[in-house]
Amino acid sequence: MAKRIQFSRHGGTDVLELIDSQPAAPGPLEVRVRNRAIGLNFIDTYYRSGLYQPPSLPSGLGCEGAGEVEAVGSAVTHLQVGDRVAYGTGPLGAYAELHVLPAQHLVRLPDAVSFEQAAALMLKGLTVQYLLRQTYRAEAGQTILWHAAAGGVGLIACQWARALGVKLIGTVSSPEKAALAKANGAWATIDYSREDVVQRVLELTGGAKCPVVYDSVGKDTWERSLDCLAPRGLLVSFGNASGAVTGVNLGVLAQKGSLYVTRPTLGNYASNAEHLQAMADELFALLASGALQVEIGQRYALADAAKAQEALSSRQTTGSTILLP
Ligand code: NDP
């Protein structure tokens, strides 16, 4: 038997149950991974609460982890039992000692990358890769705005921007988070609990505002984010930490400067094994260069997944959070 977290209805963290389950045999194109570390992500709270719908209930949770291949399907040719692997996409169910998923979601881990680092980095780092290198290719010298800069995705973005010579202005909710974002490479920070974000962006950019704003907060920051964009700038709305953006009036984009908006998701970028590998190669190369360091702010036992989600949802975490089976 193996332990896993599941939920049978949507709700608060009390719907998460730790259960014993029979290890599943992988299908022909699948692999069974013995997780050594599991990544906690805000998206996990969306599936739990019902903002996002899992394919069925009861459902497993989580889509990021790292460990060893324990069993391979008959048609899998590129992975073997014992290989060290990591994943940040694929079916729900990573909050578990064992996770069965299609082999196309797995990348082989370089020896220098530990399981904990990989679990803290795969989903979040691949997200920063596509946001900074594909959705909008920020260039050295440009000034960009990134919300939640001291979070899991945010601290990786700060470091990646610094490596590119991009001046990242990060929003945060406290002086401690501001210091952390700065230490990780943010060029400037705005503490939105005491400062006017739009006013500060105007000051920091000499009135020019930003060519791109990365907004994972959603409902609460939508309007403000548009107001921080230069004419014909791009709003990358990639999350809903405060709730989903709804009821958008497209005319607002014209009034505020012929703006662009995109609502991207990692799955559409890491859409096949080739794209995933290319993105992971770039991520691991940045790590190997020393320009990126993994900031694991919190570690919890798998059994304490509910506590971990509570901390994430109530803004108590910084950097990445991992669960240990
Ligand atoms: P974080 O560690 O960034 O945690 C969320 C942070 O958002 C908080 O720490 C807090 O920072 C800020 N925040 C602002 N308003 C709220 C609010 N009302 N409730 C809670 N937090 C709030 O989480 P992750 O790194 O896991 O994810 C960051 C975001 O990126 C999420 O929205 C997630 O859904 C999104 N995402 C999107 C992906 C995609 O492909 N589209 C992939 C991966 C992540 P502060 O205290 O400084 O305000």
Side-chain angles (χ1 to χ4, degrees), residues 13 38-49 51-52 61-64 87-90 94 119-135 145-160 169-182 184 186 189-195 197 213-222 224-225 235-245 261-271 275-276 279 283 294-298 308-323:
T13 53
I38 299 153
L40 185 83
N41 289 282
F42 222 93
I43 192 173
D44 309 339
T45 70
Y46 306 151
Y47 280 113
R48 189 208 71 224
S49 71
L51 180 64
Y52 292 178
L61 197 57
C63 36
E64 181 176 37
Y87 54 91
T89 58
L121 199 63
M122 280 300 286
L123 195 159
K124 299 167 192 75
L126 293 174
T127 297
V128 176
Q129 194 285 334
Y130 87 76
L131 291 174
L132 274 182
R133 308 300 291 144
Q134 301 187 61
T135 306
L145 182 68
W146 198 292
H147 290 293
V153 172
L155 285 187
I156 298 169
C158 290
Q159 297 181 63
W160 207 314
I169 304 173
T171 72
V172 292
S173 64
S174 70
E176 295 74 25
K177 288 189 176 186
L180 189 61
K182 276 271 188 71
N184 278 269
T189 54
I190 303 174
D191 180 344
Y192 67 85
S193 68
R194 36 196 111 195
E195 296 177 287
V197 174
V213 171
Y214 291 98
D215 186 343
S216 62
V217 176
K219 184 165 67 71
D220 289 356
T221 45
W222 164 256
R224 217 181 295 161
S225 291
L235 175 57
V236 183
S237 176
F238 71 100
N240 325 275
S242 67
V245 177
V261 176
T262 182
R263 177 60 179 89
T265 186
L266 175 59
N268 295 139
Y269 283 82
S271 55
H275 290 165
L276 172 63
M279 291 164 69
L283 178 64
V294 187
E295 184 81 38
I296 301 176
Q298 302 71 218
Q309 286 203 351
E310 275 160 26
L312 183 65
S313 300
S314 59
R315 305 179 211 203
Q316 288 166 34
T317 61
T318 54
S320 298
T321 303
I322 58 170
L323 305 175

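Worth saying up front: this structure is predicted, and the values here are computed from it rather than measured. The figures that follow rest on heavy atoms only: side chains count, while hydrogens, waters and symmetry mates do not. Indexing begins at 1, ligand by ligand and atom by atom, following the structure's order. Position 1 is the first residue of the sequence; numbering continues from there.
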Which residues pass the side-chain contact (heavy atoms from CB on, under 4.5 Å) test with Arg133, not counting sequence neighbours? Gln129, Arg137, Trp160, Leu164, Glu282
Parallel under 30°, tilted from 30 to 60°, perpendicular over 60°: which one fits the rings of Tyr269 and Tyr130? parallel
With side chain to side chain contact (heavy atoms under 4.5 Å, CB included) as the test, pick out the partner of Val261 among Leu235, Val213, Val245. Leu235
Under a 4.0 Å heavy-atom cut-off, what residues line ligand 1? Asn41, Phe42, Tyr46, Leu123, Thr127, Tyr130, Ala148, Gly151, Gly152, Val153, Val172, Ser173, Lys177, Tyr192, Ser216, Val217, Phe238, Gly239, Asn240, Ala241, Ser242, Arg263, Pro264, Thr265, Leu266, Leu312, Ser313, Arg315
For Tyr214, the option from Val128, Leu145, Val153, Leu132 that meets side chain to side chain contact (heavy atoms under 4.5 Å, CB included): Leu132
Per side chain to side chain contact (heavy atoms under 4.5 Å, CB included), Thr317 is matched among Gln309, Glu310, Gln298 by Gln298
Between Arg48 and Thr13 the two heavy atoms that sit nearest each other are NH1-CG2, 3.4 Å
